[in-house]
Visitor: 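Mind looking over this structure? Questions follow.
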Amino acid sequence: QVQLVESGGGSVQAGGSLRLSCAVSGSTGCMAWFRQAPGKEREGIARIYTTGGATAYADSVKGRFTISQDNAKRTLYLQMDSLKPEDTGMYYCAASGRTLLCYLASSVFNDWGQGTQVTVSS
C-alpha cells in the first residue's frame, strides 16, 4: 500500500500561485492530482507516469498547472499559477500501480492522501 501526505495548500488571491507537494512512500506506476469543490464531484486534473514522466491535464487547468515529480525525493508536485476562484477546493494526490492506461478517473487510483485545502479569493 502506498502512503501519501499532501502539503502546501492555503489561501491566495486570484492570479496568484501555490505549489502543492505530496510525499510518497511505496511503489507507484502513475500518480495524479484530483480536486473536489463543495457540492461537486471529484475531478482529476493532472497525471504523471512515474517512469518516463509523461503528463496529461484536464482542460480546466491546462496551461496554468504543472505536475512534476522528484523520484529521488519521492515527492509529487503541483505548481498552480494564474489561480482562479473556481480552483477553490480540496486537493488530493493519488497513486496507481498502472504503467499504462492511467486515465484521470478516480477508479484507476488505489491510494489517496488526506487532502489539502486551496482557497482562491477574487
Visitor: Are any side-chain N or O atoms of Gln69 and backbone N or O atoms of Ile48, one a donor and one an acceptor, separated by less than 3.5 Å?
Guide: no
Visitor: To the nearest 0.5 angstrom, please state how far the NZ atom of Lys84 sits from the OG atom of Ser121.
Guide: 15.5 Å
Visitor: Identify the two heavy atoms, one from Gly9 and one from Thr116, that lie closest to each other, and give their separation to 0.1 Å.
Guide: N-OG1, 3.2 Å
Visitor: Validate the cation-pi geometry between Arg35 and Tyr92: distance from NZ or CZ to the six-membered ring centre under 6.0 Å, angle to the ring axis within 45°.
Guide: no
Visitor: Linking I/L/V/M/F/W/Y whenever any side-chain heavy atoms sit under 4.5 Å apart, do Tyr49 and Met31 land together?
Guide: no
Visitor: Does the side chain of Glu43 come within less than 4.5 Å of Phe34's, by heavy atoms?
Guide: no
Visitor: Report yes or no: does Asn71 contribute a side-chain atom to a donor-acceptor pair with the main-chain N or O of Arg74 at less than 3.5 Å?
Guide: no
Visitor: Would you call Val120 and Gln13 a side-chain contact if the rule is heavy atoms closer than 4.5 Å?
Guide: no
Visitor: I need the minimum non-hydrogen distance between Leu78 and Ala46, along with the two atoms involved.
Guide: CD1-CB, 4.2 Å
Visitor: How about Asp81 and Ser17: does a side-chain donor come under 3.5 Å of a side-chain acceptor?
Guide: yes
Visitor: Using 4.0 Å as the upper bound for N to carboxylate O, is an ion pair formed by Asp59 and Lys62?
Guide: yes
Visitor: Tell me, do Met80 and Asp87 make a side-chain contact under 4.5 Å, heavy atoms counted?
Guide: no
Visitor: When clusters are formed by joining ILVMFWY residues with side-chain heavy atoms under 4.5 Å apart, either directly or through shared neighbours, do Ile67 and Leu104 land in the same one?
Guide: no
Visitor: Within a 6.0 Å radius of atom CD on Gln3, are there more than 12 heavy atoms belonging to other residues, nucleotides or ligands?
Guide: no
Visitor: Between Glu6 (side chain) and Gly115 (backbone), is there a donor-acceptor pair under 3.5 Å?
Guide: yes
Visitor: Please check if Val108 and Trp112 belong to a single hydrophobic cluster, counting links between Ile, Leu, Val, Met, Phe, Trp and Tyr side chain heavy atoms closer than 4.5 Å.
Guide: yes
Visitor: Checking the side chain of Ser96 only, and the main-chain atoms of Phe109 only, is there a donor and an acceptor separated by less than 3.5 Å?
Guide: no
Visitor: Within the 4.5 Å heavy-atom criterion, are Leu4 and Leu76 side-chain neighbours or not?
Guide: no
Visitor: Below 6.0 angstrom between ring centroids: does that apply to Trp33 and Phe65?
Guide: no
Visitor: Does the pair Val2 and Val24 meet the rule for a side chain to side chain contact (heavy atoms under 4.5 Å, CB included), with working shown?
Guide: CA-CA 7 Å; Val2 177; Val24 182; 3.9 Å; yes
Visitor: Got a second to check how far Thr66's OG1 is from Tyr77's OH, nearest 0.5 Å?
Guide: 14.0 Å
Visitor: Check whether Tyr103 forms a cation-pi arrangement with Arg47 (NZ or CZ under 6.0 Å from the six-membered ring centre, at most 45° off the ring normal).
Guide: no
Visitor: Return the minimal non-hydrogen interatomic distance between Ala14 and Ser122, and the atom names on each side.
Guide: CB-CA, 4.3 Å
Visitor: So Leu83 and Leu18, do their side chains get closer than 4.5 Å, heavy atoms only?
Guide: yes
Visitor: Would a distance-only check, ignoring hydrogens and angles, find a side-chain to backbone donor-acceptor pair under 3.5 Å from Tyr57 to Arg64?
Guide: no
Visitor: Going by atom types only, do Ser68 and Gln79 share a side-chain donor-acceptor pair under 3.5 Å?
Guide: no
Visitor: Linking I/L/V/M/F/W/Y whenever their side-chain heavy atoms sit closer than 4.5 Å, directly or via other members, would Tyr91 and Val12 fall into one cluster?
Guide: yes
Visitor: Go through the steps for Thr28 and Thr50 under the test side-chain hydrogen bond (donor to acceptor under 3.5 Å, both in side chains), then give the verdict.
Guide: CA-CA 7 Å; Thr28 62; Thr50 302; 2.8 Å; yes
Visitor: State whether a side-chain donor-acceptor pair under 3.5 Å links Thr75 with Ser21.
Guide: no
